[in-house]
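Heads up: the structure comes next, in structure tokens.
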Amino acid sequence: GVFEVRAKVPSGQGLWPAFWLLPSTRESKPEIDVMELLGHRPGRLELHFHYRDETGEARNVGHKVETEDLSEDWHVYGVDWSEEAIVWYLDGQEVWRYEERQHIPDEPMYMILNLAVGGDWPGPPDSSTRFPAVFEIDYVRVWKHLQ
């Protein structure tokens, strides 16, 4: 199906807004990261796909999209997940795709939209980080492909 959110992300050291999908089994893999952004780099959209290969080894592929400062305005982030491919979109334009069919999940998944603060990847907030920080959501849309 297609998963889409229209959002305005915050900027600032230590902020980490994300929109991602996890299996309904509550396992950590597979994971489709529709969008992730580190607040100190609001002009770089991060896209990732985490899965287990045929031997059970955890794998991660990703793509970085260098763009305008995404915290300056509202943007639409989306992913089209089918048997053939996982395709990521920014404002309706394709920005990356993954097509190794043997790794594309075929199981129910649920969505998470969150704003993390701190952690290993974004690092801690500093004196330049403005609080309260807000990850604003205008809408979330999900639809299924017709057979």
Side-chain angles (χ1 to χ4, degrees), residues 1-53 55-82 85-100 103-145:
V2 178
F3 300 80
E4 182 178 273
V5 63
R6 183 173 184 263
K8 187 171 184 189
V9 298
S11 66
Q13 173 61 43
L15 301 179
W16 180 5
F19 174 27
W20 43 311
L21 306 175
L22 282 176
S24 60
T25 60
R26 307 282 184 190
E27 297 293 322
S28 66
K29 308 280 182 298
E31 175 183 321
I32 300 172
D33 297 325
V34 180
M35 67 77 66
E36 294 181 282
L37 186 132
L38 298 179
H40 63 280
R41 289 193 307 241
R44 179 184 290 170
L45 177 63
E46 302 266 356
L47 314 169
H48 298 100
F49 175 47
H50 307 267
Y51 63 93
R52 294 201 181 277
D53 67 15
T55 67
E57 187 75 23
R59 301 288 181 195
N60 175 28
V61 293
H63 184 70
K64 295 173 179 60
V65 178
E66 300 296 336
T67 186
E68 64 188 280
D69 181 340
L70 295 170
S71 70
E72 293 293 320
D73 204 355
W74 291 87
H75 296 279
V76 178
Y77 305 92
V79 70
D80 186 344
W81 163 35
S82 70
I86 304 170
V87 183
W88 285 258
Y89 294 89
L90 173 61
D91 293 326
Q93 299 297 311
E94 181 179 328
V95 291
W96 185 48
R97 70 174 42 227
Y98 181 85
E99 296 179 302
E100 292 184 38
H103 301 137
I104 295 174
D106 182 21
E107 61 185 285
M109 298 180 85
Y110 64 97
M111 296 181 300
I112 300 172
L113 289 101
N114 68 294
L115 173 58
V117 179
D120 290 340
W121 196 29
D126 63 20
S127 61
S128 70
T129 309
R130 288 174 288 156
F131 288 103
V134 180
F135 182 19
E136 297 180 79
I137 307 298
D138 180 35
Y139 64 77
V140 176
R141 294 182 179 152
V142 179
W143 61 96
K144 183 178 179 180
H145 290 282

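Here, residue 1 is the first one in the sequence, and each next residue gets the next number.
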[Y] and [X], any side-chain heavy atoms less than 4.5 Å apart:
{"X": "Ser71", "Y": "Leu37", "answer": "no"}
{"X": "Leu38", "Y": "Trp16", "answer": "yes"}
{"X": "Val2", "Y": "Val142", "answer": "no"}
{"X": "Met35", "Y": "Val9", "answer": "yes"}

Per-pair distances, 0.1 Å, donor-acceptor, side chain in residues 72-80, under 3.5 Å, sequence neighbours excluded:
unit_1 : atom_1 : unit_2 : atom_2 : d
His75  : ND1    : Asp91  : OD2    : 2.7
Asp80  : OD1    : His145 : NE2    : 2.6

Check: Among Val34, Val140, Asp138, which residue meets the side-chain contact (heavy atoms from CB on, under 4.5 Å) test with Val5?
Finding: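 Exactly one option meets the side-chain contact (heavy atoms from CB on, under 4.5 Å) with Val5, and it is Val140.
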Check: Of all residues at least two apart in sequence or in a different chain, which pass the ring pair (Phe, Tyr, Trp, His ring centres under 6.0 Å) check with Phe19?
Finding: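 If we apply the ring pair (Phe, Tyr, Trp, His ring centres under 6.0 Å) test to Phe19, skipping adjacent residues, there are no hits.
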Next item on the list: Mind checking ring pair (Phe, Tyr, Trp, His ring centres under 6.0 Å) for Trp143 and listing every partner two or more places apart, or none if nothing turns up?
Entry: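 None.
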Holding to side-chain hydrogen bond (donor to acceptor under 3.5 Å, both in side chains), I want the full list of residues that pass it with [X], two or more places apart in sequence or in another chain.
{"X": "Trp20", "result": "Asn114"}
{"X": "Ser11", "result": "none"}
{"X": "Asp120", "result": "none"}
{"X": "His40", "result": "none"}

What pairs with [X] under side-chain contact (heavy atoms from CB on, under 4.5 Å), at least two apart in sequence or on another chain?
{"X": "Glu99", "value": "Ala85, Arg97"}
{"X": "Thr55", "value": "Asp53, Glu57"}
{"X": "Arg44", "value": "Arg41, Glu46, Lys64, Glu66"}

What side-chain donor-acceptor pairs closer than 3.5 Å can you find for residues 24-32, not counting sequence neighbours?
unit_1 : atom_1 : unit_2 : atom_2 : d
Ser24  : OG     : Pro108 : O      : 3.4
Thr25  : OG1    : Glu27  : N      : 3.4
Arg26  : NH1    : Tyr110 : OH     : 3.3

Item checked: Polar side-chain atom of Trp88 near backbone of Asp33 as donor-acceptor pair, under 3.5 Å ->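 Looks like yes, one N/O pair under 3.5 Å.
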Check: Do any N or O atoms from the side chain of Trp81 and from the backbone of Phe3 form a donor-acceptor pair under 3.5 angstrom?
Finding: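 Pair absent, no side-chain N/O of Trp81 close to backbone of Phe3.
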Using distance only, find each side-chain donor-acceptor pair of residues 128-137 under 3.5 Å and give its atom names and separation, not counting sequence neighbours.
unit_1 : atom_1 : unit_2 : atom_2 : d
Ser128 : OG     : Asp126 : OD1    : 2.5
Thr129 : OG1    : Gln13  : N      : 3.4
Thr129 : OG1    : Gln13  : O      : 2.7
Thr129 : OG1    : Asp126 : N      : 3.2
Thr129 : OG1    : Asp126 : O      : 3.4

Spacing of [X] atom [atom1] and [Y] atom [atom2] [to the nearest 0.5 Å]:
{"X": "Glu36", "Y": "Leu45", "atom1": "CD", "atom2": "CG", "value": "9.0 Å"}
{"X": "Ile104", "Y": "Phe49", "atom1": "CD1", "atom2": "CZ", "value": "7.0 Å"}
{"X": "Glu4", "Y": "Tyr89", "atom1": "CD", "atom2": "OH", "value": "10.5 Å"}

Next item on the list: Mind telling me whether Trp121 and His48 have parallel, tilted or perpendicular rings, with 30° and 60° as the class edges?
Entry: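 Aromatic pair His48/Trp121 classed perpendicular.
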Notebook entry, point to check: Can you name the closest pair of heavy atoms from Gly39 and Pro42 and give their distance?
Noted result: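 Minimum heavy-atom contact is O-CD, 3.5 Å.
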Check: Within a reach of under 6.0 Å around CD of Gln93, are more than 12 heavy atoms found that belong to other residues, nucleotides or ligands?
Finding: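 For Gln93, atom CD is not crowded (no more than 12 foreign heavy atoms under 6.0 Å).
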